[in-house]
Amino acid sequence: DSPPSSEYFAQVNLLSPLLFPLQGINFLRRRLSRGMAFPGHRVVSVGNITFGGSGKTPLVCALAEALLRRKISTAIFLRGYGRETKDRGGEVPLGGDVRRWGDEALLIKGRVPEARVFVGARRSLWMASPEAQGCRVFLLDDGFQHFAVARDLDILVHDFSSKDPLRRDFLGELSRGEYLFHSGEVSERVPARNLFPYRLRVEGLLADRGTPPPPGTEVGAFCGIAHPERFFRSLEEGGWRVLRRRCFRDHNPYRAGEGEELLKWNLPLITTEKDYVKVRGRIPGLSFLRIGVELEEAFVDALVERVEEKS
């Protein structure tokens with residue numbers, strides 16, 4: 001089953017007419033929204049043109065790690081999807097309460113503790129805060145459609161191999177991204193400049209306590225993410241024998257009793273890192289799979305050159 005070719009965007013289907021009005025709405029939003037500027041800082045958004053599951057979070061972590069290795073101070077701002085509290089948000093502490101900060105924010109802070117991480121529906125509020133002013137780069141997680149803030153650079157992630165019409169670029173949004181990380185065959189409509197293959201890699205199986213089960217072990221696996229099949233496939237390709245599996249809804253909060261039900265499998269349990277931050281300490285012997293992104297040095301060099309330009 002080969003990925004779509006350059007005819008990817010030209011295919012007509014029953015759903016495409018429903019998407020055309022969105023193009024006009026986005027056009028008006030871009031025209032009417034001036035966006036708050038932050039002189040002295042470089043604002044970089046990381047996003048996609050679809051609803052979840054594109055792998056933005058590993059890319060945000062990789063970008064922050066690359067910038068920090070080059071001694072460029074970095075702050076990351078998230079909306080905080082899935083938070084259970086209704087406060088304005090704030091700076092995320094290491095190992096904080098997932099109900100207040102959300103799973104993605106705690107994952108990012110745990111992966112990149114040297115970065116300052118902020119959560120709040122009004123991201124500009126925290127970008128203007130004294131705590132963030134010492135950072136040169138402001139990374140906006142899922143910020144491509146966040147027109148309230150003016151950006152210096154847009155980075156997009158897109159899967160061209162998807163045949164889901166709702167995940168195709170009928171709106172021409174991909175042309176707005178300065179850098180495009182992609183999987184699948186790239187459409188001829190996308191400019192050839194600044195294209196980079198998007199490669200996820202398994203960085204290891206980790207556990208808070210003890211030693212995680214080695215490849216070849218019979219395990220049970222569970223997750224609450226947008227594309228659970230990718231997680232299970234990664235485990236099987238890594239050599240683990242997944243005897244039992246369970247899928248929860250994306251951003252599942254894991255209420256009381258759900259962990260106990262999984263323990264009845266009597267198997268070593270493995271989950272994703274995003275799910276792990278929500279059940280940490282509640283399921284004995286739990287391990288999590290850490291996924292990372294390979295960044296080409298050419299991209300890192302180009303990014304550093306952009307953010308070090310004089311404002």
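Remember, predicted model here, so these are calculated numbers, not experimental data. FYI, the numbering just counts along the sequence from 1.
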Practice prompt. State whether the side chain of S73 and the backbone N or O of G134 hold a donor-acceptor pair below 3.5 Å, judged by distance alone.
Written response: yes
Worksheet entry | Beyond-backbone contact of D154 with E178, side-chain heavy atoms, under 4.5 angstrom | no
Discussion item. I need the full list of salt bridge (charged side-chain N to carboxylate O under 4.0 Å, His left out) pairs touching residues 277-290, with sequence neighbours left out, sorted by first then second residue.
Written reply: D103-K278, E273-R290, D275-K278
Worksheet item: Stepwise, does the side-chain contact (heavy atoms from CB on, under 4.5 Å) test hold for W101 with L78?
Response: CA-CA 10 Å; W101 304 110; L78 303 91; over 6 Å; no
Discussion item. If I compare all heavy atoms of R201 with all of V293, which pair ends up nearest, and what's the gap?
Written reply: NH1-O, 3.2 Å
Fill in: Over all atoms of both residues, closest heavy-atom pair of V149 and S124
CG2-CB, 4.0 Å
Worksheet item: Does R136 use its side chain to pair, donor to acceptor, with the backbone of G40 at less than 3.5 Å?
Response: yes
Item to complete: Take V44 and L140, measure what side-chain contact (heavy atoms from CB on, under 4.5 Å) needs, and give me the verdict at the end.
Response: CA-CA 6 Å; V44 180; L140 298 182; over 6 Å; no
N/O donor to acceptor pairs below 3.5 angstrom from side-chain atoms of residues 209-221, sequence neighbours left out:
unit_1 : atom_1 : unit_2 : atom_2 : d
T217   : OG1    : P214   : O      : 2.7
E218   : OE2    : R241   : NH1    : 3.4
E218   : OE2    : R241   : NH2    : 3.3

Worksheet item: Is a donor on one side and an acceptor on the other found under 3.5 Å between the side chain of R42 and the backbone of E309?
Response: yes
Discussion item. Between R83 and T85, is the side-chain hydrogen bond (donor to acceptor under 3.5 Å, both in side chains) condition met? List the steps.
Written reply: CA-CA 6 Å; R83 295 174 64 222; T85 57; 3.3 Å; yes
Discussion item. Side chains of H41 and M127, heavy atoms from C-beta outward: is any pair under 4.5 Å?
Written reply: no
Fill in: Cationic N near anionic O, under 4.0 Å, R123 to D142
no
Worksheet entry | Check: E296 and R199 side chains under 4.5 Å, non-hydrogen atoms | yes
Just distance, no hydrogens or angles: give the donor-acceptor pairs under 3.5 Å from side chains in residues 58-66, sequence neighbours left out.
none

Item to complete: Considering non-hydrogen atoms only, spot the tightest contact between I72 and L68 and give its length.
Response: O-CD2, 3.7 Å
Discussion item. Would a single hydrophobic cluster contain both L106 and F288, if residues Ile, Leu, Val, Met, Phe, Trp and Tyr are joined by side-chain heavy-atom contacts under 4.5 Å?
Written reply: no
Worksheet item: Would a 4.5 Å heavy-atom cut-off, applied to side chains only, mark F231 and K274 as touching?
Response: no
Fill in: Any side-chain heavy-atom pair of N48 and K56 under 4.5 Å
yes
Item to complete: Evaluate the salt bridge (Lys or Arg N to Asp or Glu O under 4.0 Å) criterion for residues E104 and R111: first the C-alpha distance (whole Å), next the side-chain angles of each, then the deciding distance (0.1 Å), finally the verdict.
Response: CA-CA 10 Å; E104 292 176 345; R111 287 286 297 270; over 6 Å; no
Worksheet item: In terms of heavy-atom contacts, does CZ of R99 have more than 12 from other residues, nucleotides or ligands at under 6.0 Å?
Response: no
Item to complete: Could you check R116 against E91 for side-chain contact (heavy atoms from CB on, under 4.5 Å), going step by step and ending with a plain yes or no?
Response: CA-CA 7 Å; R116 306 199 76 157; E91 185 168 6; 2.8 Å; yes
Item to complete: Can you sort out the partners of R244 under salt bridge (charged side-chain N to carboxylate O under 4.0 Å, His left out), two or more places apart, ordered by chain and number?
Response: none
Worksheet item: Charged N to carboxylate O under 4.0 angstrom, E258 versus R249?
Response: no
Worksheet entry | Within residues 65-100 or reaching into it, pairs that qualify as ring pair (Phe, Tyr, Trp, His ring centres under 6.0 Å) - sequence neighbours excluded | F77-F118, F77-F138, Y81-H251
Worksheet item: Can you find a heavy atom in the side chain of L263 that is under 4.5 Å from one in the side chain of E261?
Response: no
Discussion item. Distance check, rounded to the nearest 0.5 Å: H158 atom NE2 versus Y198 atom OH?
Written reply: 13.5 Å
Discussion item. Salt bridge check, R100 against D97: does any charged N sit closer than 4.0 Å to a carboxylate O?
Written reply: no
Worksheet, complete the sentence: Interatomic distance, CG@L235 vs CG@L205, rounded to 0.5 Å, equals 7.5 Å
Response to the item:
Sorted by chain and residue number, the ring-ring contact (aromatic ring centres under 6.0 Å, His included) partners of F181 (sequence neighbours excluded) come out as F196, F299
Worksheet entry | Ion pair check, E308 and R70, cut-off under 4.0 Å | no
Discussion item. Can you confirm whether T74 sits close enough to C135 that some side-chain heavy atom of one is under 4.5 Å from a side-chain heavy atom of the other?
Written reply: no
Worksheet item: Less than 4.5 Å apart, any side-chain heavy atom of L286 and any of F222?
Response: yes
